[in-house]
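Presented below is the structure to which this report refers.
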Amino acid sequence: MKTNILVWLILLSFAFVSCSDDEDDFDRSEIDSIGDVITALQGTWSSDGVLELPIDVPGSPFSEVYQTETFTFADTLNTINVTIFADEGLTTPILNYRSTGPFTILGTSLSFEKTWEADFANTEQSLEILIDNQQLLDALGFSACGITEANVVYDITNGCSIFPGIDECIEQDIIQLKKNTLRFGSRTENLCENRASNLQEIIYTKD
């Protein structure tokens, strides 16, 4: 699922920071069952800030970019939308990455309060370049896998450049729902092999 977006980790030197929880801050609302969690997740959740990501790639027209991210839950399907911008003010979008797949809530996690174990799969993904910049396409290897035009949504299910193809990996994650906020597990671990044991610092709020 996600950090197939975070497929950007292959190219960009960025890692989410995990942190511990203050027990006094937990939401006391009633989310007691798997059905409650699925119901609470429904809708679109946006990241609470803008991530600055350095790019160290020869020939790239940008030395850093800025990322925003949303997760949209519809029934038991999750869609991740990542938009990369050239500027911190988010006025010049560069590209949009989108992936979709089913998710399963397995049960409560023993690691943190208000936290649930969840599995995420990725069944399709696409990429759209939002600026007409041949230098970008060449530097990041998009031209070599057939992405040649701006404002065209390309199916990259089989992978393209820095974006790997979809495989059989099921990400073994944790999610925390409290005070109308959502957090996922840290991406510093290989979630295809082991379940996340810490929470990301980044927080998502429902639109």
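Reckoned from all heavy atoms, side chains included, excluding hydrogens, waters and symmetry mates.
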### Task
Measure the spacing between CG of Leu51 and CD of Glu69 and express it to the nearest 0.5 Å.
7.5 Å
### Summary
Sequence neighbours excluded, the answer for side chain to side chain contact (heavy atoms under 4.5 Å, CB included) partners of Ile131 is Phe62, Thr92, Ile94, Asn133, Leu136
#### Entry: N/O donor-acceptor pair under 3.5 Å between Glu124 side chain and Thr157 backbone
no
#### Entry: For Val37 against Trp116, the heavy-atom pair lying closest together
CG2-CE2, 3.2 Å
### Query
Mind checking whether Ile203 and Val82 sit in one hydrophobic cluster, side chains of I, L, V, M, F, W, Y counted as touching below 4.5 Å?
no
### Message
For the CG atom of Asp48 and the CZ atom of Arg183, what is their distance to the nearest 0.5 Å?
### Response
10.0 Å
### Message
Under the criterion side-chain contact (heavy atoms from CB on, under 4.5 Å), I'd like the reasoning laid out for Thr76 against Thr104: C-alpha separation, chi angles, the key distance, then a yes or no.
### Response
CA-CA 7 Å; Thr76 56; Thr104 304; over 6 Å; no
### Task
Enter the distance from Gln172:CD to Leu106:CG here, rounded to the nearest 0.5 Å.
9.0 Å
### Message
Once side chain to side chain contact (heavy atoms under 4.5 Å, CB included) is applied, do any residues pair with Leu127, and if so which ones, sequence neighbours excluded?
### Response
Leu95, Tyr97, Ile129, Phe142, Ile147, Ile156, Phe163
### Task
With sequence neighbours left out, write down each residue that passes side chain to side chain contact (heavy atoms under 4.5 Å, CB included) with Ser197, or none if nothing qualifies.
Glu189
### Task
Check side-chain hydrogen bond (donor to acceptor under 3.5 Å, both in side chains) between Ser60 and all other residues, then give those that pass, not counting sequence neighbours.
none
### Task
Answer yes or no: are there more than 12 heavy-atom neighbours, outside Asn151 itself, under 6.0 Å from its atom CG?
yes
### Task
Enter the distance from Trp45:CH2 to Thr205:OG1 here, rounded to the nearest 0.5 Å.
8.0 Å
#### Entry: Single-linkage hydrophobic cluster Ile34~Leu110, side-chain heavy atoms < 4.5 angstrom
no
### Query
If you look at every heavy atom in Ile38 and Asp75, which pair is closest and at what distance?
CG2-O, 3.8 Å
### Query
Step by step, would you call Thr83 with Asn81 a side-chain contact (heavy atoms from CB on, under 4.5 Å)?
CA-CA 7 Å; Thr83 304; Asn81 200 81; 3.6 Å; yes
### Task
For the residue pair Ile175 and Phe120, establish whether any side-chain heavy-atom pair is separated by less than 4.5 Å.
yes
### Task
Measure the acute angle between the ring planes of Phe73 and Phe103, then classify it against the limits of 30° and 60° as parallel, tilted or perpendicular.
perpendicular
### Task
Hey, could you give me the CG/CG distance between Asn122 and Asn78, rounded to the nearest 0.5 Å?
9.5 Å
### Message
Any non-hydrogen side-chain atom of Tyr154 less than 4.5 Å from a side-chain atom of Thr148?
### Response
yes
## Note on the structure
Rounding to 0.5 Å, atoms CG (Leu90) and CD (Gln67) come to a distance of 11.0 Å
### Task
Name all pairs fulfilling the disulfide (SG to SG under 2.5 Å) condition that reach into residues 70-165, sequence neighbours left out, sorted by first residue then second.
Cys145-Cys160
### Task
Using atom types as modelled and distance alone, determine if a side-chain donor or acceptor of Gln135 lies under 3.5 Å from a backbone N or O of Gly59.
yes
### Query
Under a single-linkage definition using a 4.5 Å side-chain heavy-atom cutoff for Ile, Leu, Val, Met, Phe, Trp and Tyr, are Ile170 and Phe184 assigned to the same hydrophobic cluster?
no
### Message
Is there a side-chain contact (heavy atoms from CB on, under 4.5 Å) between Leu41 and Ile105? Walk through the geometry before answering.
### Response
CA-CA 11 Å; Leu41 285 172; Ile105 306 298; 4.2 Å; yes
### Query
With no hydrogens and no angle check, is any side-chain donor or acceptor of Ser161 less than 3.5 Å from a backbone partner on Leu140?
yes
### Query
Considering all heavy atoms of both residues, which atom of Ala196 and which atom of Ile174 are nearest to each other, and what is their separation?
O-CG2, 3.8 Å
#### Entry: Same apolar cluster (I L V M F W Y, side chains within < 4.5 Å links), Ile80/Phe85
no
### Query
How would you list, by chain and number, every residue that makes a salt bridge (charged side-chain N to carboxylate O under 4.0 Å, His left out) with Asp119, sequence neighbours excluded?
Arg195
### Message
Taking side-chain hydrogen bond (donor to acceptor under 3.5 Å, both in side chains) as the definition, give me every residue that meets it alongside Thr108, ordered by chain and number, with sequence neighbours left out.
### Response
none
### Task
Compare every heavy atom of Ile31 with every heavy atom of Ala40, then report the nearest pair and how far apart it is.
CB-CD1, 4.0 Å
### Message
Is there a side-chain contact between Leu177 and Lys114 in this structure, where contact means two heavy atoms from C-beta onward sitting under 4.5 Å apart?
### Response
no
### Task
Please step through side-chain contact (heavy atoms from CB on, under 4.5 Å) for the pair Ser47 and Tyr204, ending with a clear verdict.
CA-CA 4 Å; Ser47 52; Tyr204 300 83; 3.7 Å; yes
### Summary
With sequence neighbours left out, the residues meeting side chain to side chain contact (heavy atoms under 4.5 Å, CB included) with Glu88 are Tyr66
### Query
Between Lys206 and Gln42, which heavy-atom pair has the shortest distance, and what is it?
NZ-O, 2.8 Å
### Query
Same cluster for Ile162 and Leu130 if Ile/Leu/Val/Met/Phe/Trp/Tyr side chains link at under 4.5 Å?
no
### Task
State, with a plain yes or no, whether a side-chain heavy atom of Ser46 is found less than 4.5 Å away from one of Thr68.
no
### Task
Would you please name every residue forming a side-chain hydrogen bond (donor to acceptor under 3.5 Å, both in side chains) with Thr39, sequence neighbours left out?
none
### Message
Show every disulfide (SG to SG under 2.5 Å) that has at least one partner inside residues 173-207, sequence neighbours left out.
### Response
Cys169-Cys192
### Message
Just to verify, which of Thr44, Thr100, Thr72 counts as forming a side chain to side chain donor-acceptor pair (under 3.5 Å) with Thr79?
### Response
Thr100
### Query
What residues form a salt bridge (charged side-chain N to carboxylate O under 4.0 Å, His left out) with Glu128, not counting sequence neighbours?
none
## Note on the structure
The side-chain hydrogen bond (donor to acceptor under 3.5 Å, both in side chains) partners of Gln134 (sequence neighbours excluded) come to Asp138, Ser143
### Task
Start with the C-alpha gap between Arg187 and Asp173, add the side-chain angles, then the distance that decides, and say whether salt bridge (Lys or Arg N to Asp or Glu O under 4.0 Å) holds.
CA-CA 9 Å; Arg187 319 320 295 167; Asp173 211 339; 3.0 Å; yes
### Query
When you look at CG of Asn158, are more than 12 heavy atoms from neighbouring residues, nucleotides or ligands closer to it than 6.0 Å?
no
